[in-house]
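Heads up: the structure comes next, in structure tokens.
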Number of protein chains: 2
Amino acid sequence: MDNDKYKLLIVDDEEDILEFLGYSLKREGFQVFTASNGKDGISKAKKEIPHLIIMDVMMPEMDGISAVEEIRNNKSLDETLIVFLTARSEDYSQIAGFEAGADDYIAKPIKPKVLISRVKALLRRSLKKDSGKIVVVGNLVIDQEKFEVLLDGKKIILPKKEFKLLKLLAASPNKVFTREEIFVKVWGDDVIVGDRTIDVHVRKIREKIGDNLIKTVKGIGYKLEN
Amino acid sequence: MDNDKYKLLIVDDEEDILEFLGYSLKREGFQVFTASNGKDGISKAKKEIPHLIIMDVMMPEMDGISAVEEIRNNKSLDETLIVFLTARSEDYSQIAGFEAGADDYIAKPIKPKVLISRVKALLRRSLKKDSGKIVVVGNLVIDQEKFEVLLDGKKIILPKKEFKLLKLLAASPNKVFTREEIFVKVWGDDVIVGDRTIDVHVRKIREKIGDNLIKTVKGIGYKLEN
DNA sequence: ATTTTAGATTAAGAAATTGTTAAATCACCA
DNA sequence: TGGTGATTTAACAATTTCTTAATCTAAAAT
């Protein structure tokens, strides 16, 4: 798996643990950042916008829960996953942690294997959408990085506009995009083009990927069905 | 928090646990439904369209995983969160439940406080985005984003005006909407159309969703009964 | 019981929206 | 600069949705 595109931030005041966990996770290919107290954790989080934060509950100065509360107040860290490290069997901190906005907890002492599979599971569940590749149905794959579309594993070339349009629809399958929305997101706010332009592009895409995937919702717009 | 707007379904074969969990969650204000086996769980899920289902993995007759697989096949339950209850110490990355479409697991024995905070965490995280769904009764779901209506989990296509009209009624079930109100909200303040136009639209909707849901209130208007 | 009124039903044509095609324009690159 | 493919326009066809009008039905009022 391409773990290298995930940023993890570990916040713990014990150097040993920090190093130990950092080492384990780096070996799996993750980009690892560390901080040894709550304040530093917050500032690193704001700077790096990690995908997942592993945070010790008990720390001197600022405890993990307060730190998480502050992190959750930051809009750009809205989607960031947070995992608490707690001493075994402390129910109390688990609860407070969830209230503060944590997504999971792991009890100490930590076994690296457990940590890793847990981290992977969380990432898989929550971030599966924006992984560059969008899979719409088994036979349609859109690779945003490579700028290509695969239909039944066969590469299909789409010109820029068609690609953008298809990508937009595919990013939220089944969602109906109004013509307005499509204009704004594909053509841009300022560009003014005729009414039939979208239709023509849709038609061209349909010619290439078949007529079944893009559905017309008359009076509203288009959607990519899944 | 307004926990009362969330429906939870607990499925477990042990009466004790069912009661115990149900009690704890009700105390928090959630609407709680229970089922003591997989089959019953599925039918209750289809009827109530809960926001979250707590399901024991090990049950006689139909195990939790099979039940979840079936639940995931129902379109109206697409967004429902599913939490598994598992025996202690099974490393959760190994559990087939995730494959089946579960969103989390909780190990037995269950501490109510942990359960509650976990449930809250899941609801908080997952349901803040897709507030576009209106559920009227178990068998009628209106999805504004997808512009589709599900009747018993089966998709129904409505043209724009019909959709708007049904959505309006569904947004406040049991409220009677006057013709005036309907004209203003569906057709707009300026458009002038004949008196029978609404009737015809109502008729078309009834053709598609059945005659029972939309009631005529003679002399006043229409309402969607629940 | 009869009349009155509001709503139900139906089908037809009007209106709105999208599909299709070909040709014109644009943008980029050898 | 000419050529190539991408993009847009324009005209018309096809389709779907909306509205109307005429007739029918059922409930309320007299």
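First the proteins, then the strands, lettered A, B, ... as listed; each starts at 1. Since the model is a prediction, treat every value here as computed from it, not as a measurement.
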Exercise for the section: May I have the distance from I205(A) (atom CD1) to dT7(D) (atom P), rounded to whole angstrom? Expected result: 10 Å

Practice task
Report which part of the nucleic acid F163(A) touches: base, sugar-phosphate, or nothing (heavy-atom distance under 4.0 Å, all strands).
Solution key: nothing

Exercise for the section: State, with a plain yes or no, whether a side-chain heavy atom of Y6(B) is found less than 4.5 Å away from one of P50(B). Expected result: no

Problem - I192(A) CD1 - dT9(D) P separation (whole Å) - result: 10 Å

Exercise for the section: Might you work through the side-chain contact (heavy atoms from CB on, under 4.5 Å) test for I220(A) and K160(B), ending with a clear yes or no? Expected result: CA-CA 7 Å; I220(A) 316 290; K160(B) 189 164 60 170; 3.6 Å; yes

Handout entry: Protein-nucleotide distance (D195(B), atom CG; dC18(D), atom P), rounded to Å
Key = 18 Å

Exercise for the section: Output yes when at least one side-chain N/O atom of W187(B) is less than 4.0 Å from OP1 or OP2 of dT19(D), else no. Expected result: yes

Fill in the blank from the handout: E162(B) has its side chain closest, among dA11(D), dT20(D), dC18(D), to dC18(D)

Practice task
Using a strict 4.0 Å threshold on nitrogen-to-oxygen distance, state whether R203(B) and D199(B) make a salt bridge.
Solution key: no

Completion exercise
Min and max contacting nt of DNA chain C in 5' to 3' order, chain A heavy atoms within under 4.0 angstrom, are dT17(C) to dT21(C)

Practice task
Indicate the atoms forming the closest heavy-atom contact of M59(B) with D12(B), along with that distance.
Solution key: SD-CA, 4.0 Å

Practice task
Select from R196(A) and K204(A) the residue whose nearest nucleotide in DNA chain C is closer to the 5' end of that strand.
Solution key: R196(A)

Fill in the blank from the handout: Taking every heavy atom of L9(A) against every heavy atom of K44(A), the minimum-distance pair comes out as CD1-CB, 4.1 Å

Handout entry: Side chain of V193(B) (C-beta onward), nearest among dT20(D), dA11(D), dA6(D)
Key = dT20(D)

Completion exercise
From NZ of K208(B) across to P of dT16(D) the rounded distance in Å is 12 Å

Problem - Lys NZ or Arg CZ of K161(A) over F163(A) ring: under 6.0 Å, within 45° - result: no

Handout entry: base_contact_polar (dT17(D) base, K160(B) side chain, donor-acceptor, <3.5 Å)
Key = no

Practice task
May I ask you to evaluate whether T197(A) reaches the phosphate of dT7(D), defined as a side-chain N or O under 4.0 Å from OP1 or OP2?
Solution key: no

Practice task
Measure from CD on E207(B) to P on dT17(D) and round the result to the nearest Å.
Solution key: 13 Å

Practice task
Measure from the side-chain heavy atoms of V200(A) and tell me the nearest of dA27(D), dA10(D), dA22(D).
Solution key: dA10(D)

Handout entry: I220(A) CD1 - dT16(D) C1' separation (whole Å)
Key = 13 Å

Problem - Interatomic distance where NZ belongs to K164(B) and P belongs to dT19(D) [whole Å] - result: 11 Å

Completion exercise
Correct closest heavy-atom pair for K185(A) and K164(A) would be O-CE, 4.2 Å

Exercise for the section: Could you work out which one of dT8(D), dT15(D), dC18(D) sits closest to the side chain of K161(B)? Expected result: dC18(D)

Problem - Nearest-angstrom distance from the residue atom CG of L165(B) to P of dC18(D) - result: 11 Å

